[in-house]
Amino acid sequence: MIQFTLKCDRDHRFDSWFQSAEAYEKLSAAGMVTCSICGSTDVDKAMMAPRVQGSRAEVAETPPGPAAPTDQAVADLRREVEANSEYVGRNFVREARDMHDGLSPHRAVHGEARPDEAKKLIEDGVPVAPLPFIPGRKTN
């Protein structure tokens with residue numbers, strides 16, 4: 001696992017973990033790395049200082065610090081979304097369009113869409129908004 005400090009085109013800075021540097025590059029190229037504050041997909045790695053880990057004993061004695069305010073806000077938002085809407089996964093685009101077109105009853109849903117799919121929904125007047133987290137995936 002590797003942690004990167006990221007920065008979006010609106011100068012929001014946030015940290016995110018990736019399986020490897022190659023995994024970050026692959027996700028970034030696919031437009032799947034989004035700003036945890038505004039949802040922008042125009043995200044790049046920011047300058048960051050190297051992190052040097054001490055001995056295992058020092059690490060074990062260091063208690064975890066409090067969550068950053070933005071991390072807490074995203075966690076609160078995630079709980080609210082998950083408690084008050086249905087996760088429809090990769091069917092999100094079809095579900096949102098069917099509700100907009102009156103083919104299915106309106107209800108709160110969340111799920112996953114590629115950036116081009118989300119853009120098309122917005123262009124067609126379907127009310128959608130990006131989430132600052134990836135729905136359906138558990139975090140620690």
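Since we're looking at a predicted model, the values are computed, not measured. Residues: numbered from 1 along the sequence shown.
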Interatomic distance, [X] atom [atom1] to [Y] atom [atom2] [nearest 0.5 angstrom]:
X	Y	atom1	atom2	value
L77	S36	CG	OG	11.0 Å
D11	C35	CG	SG	10.0 Å
K7	S40	NZ	OG	11.5 Å
R79	N84	CZ	CG	12.5 Å
L131	E82	CG	CD	9.5 Å

If I compare all heavy atoms of [X] with all of [Y], which pair ends up nearest, and what's the gap?
X	Y	value
C38	H12	SG-ND1, 3.5 Å
G111	F92	N-CD1, 3.6 Å
R13	I37	O-CD1, 4.1 Å

Do V93 and E117 have side-chain heavy atoms sitting under 4.5 Å apart?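 Yes; the side chains approach each other to less than 4.5 Å.
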In the structure I gave you, are the side-chain heavy atoms of R90 and R114 within less than 4.5 Å of one another anywhere?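 R90 reaches R114 side chain to side chain.
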Please tell me whether [X] and [Y] are part of a single hydrophobic cluster in this structure, the criterion being side-chain heavy atoms less than 4.5 Å apart.
X	Y	value
L121	V109	yes
V74	W17	no
V128	V88	yes
I2	V33	yes

NZ/NE/NH1/NH2 to OD/OE distance under 4.0 Å, [X] and [Y]:
X	Y	answer
E22	K26	no
D124	K120	yes
K119	D116	no

Using the rule given for side chain to side chain contact (heavy atoms under 4.5 Å, CB included), can you reason through E86 versus E95, listing the C-alpha separation, both sets of side-chain angles and the distance that settles it, and then say yes or no? CA-CA 11 Å; E86 177 187 350; E95 294 285 341; over 6 Å; no
Test side chain to side chain contact (heavy atoms under 4.5 Å, CB included) on L6 and D15; report intermediate values, then the result. CA-CA 6 Å; L6 304 174; D15 290 343; over 6 Å; no
Counting only heavy atoms not in E25, do more than 12 fall under 6.0 Å of its CD?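 Atom CD in E25 is crowded, with more than 12 foreign heavy atoms closer than 6.0 Å.
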Applying the side chain to side chain contact (heavy atoms under 4.5 Å, CB included) criterion to F14, which one of V43, T34, T5 satisfies it?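 Checked V43, T34, T5 against F14; only one passes side chain to side chain contact (heavy atoms under 4.5 Å, CB included): V43.
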Main chain of M99, side chain of H106: is a donor-acceptor contact present, judged purely on distance under 3.5 Å?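 Judged by distance alone, yes, a pair lies under 3.5 Å.
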Do the side chain of S28 and the main chain of Y24 share a donor and acceptor less than 3.5 angstrom apart?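 No, S28 side chain to Y24 backbone: no donor-acceptor pair under 3.5 Å.
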Parallel, tilted or perpendicular: which one describes the rings of Y87 and H110, with boundaries at 30° and 60°?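 Judged by the thresholds at 30° and 60°, the geometry between Y87 and H110 is tilted.
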For K45 and F4, what are the C-alpha separation, side-chain angles and deciding distance, and is it a side chain to side chain contact (heavy atoms under 4.5 Å, CB included)? CA-CA 7 Å; K45 287 188 267 186; F4 289 127; 3.6 Å; yes
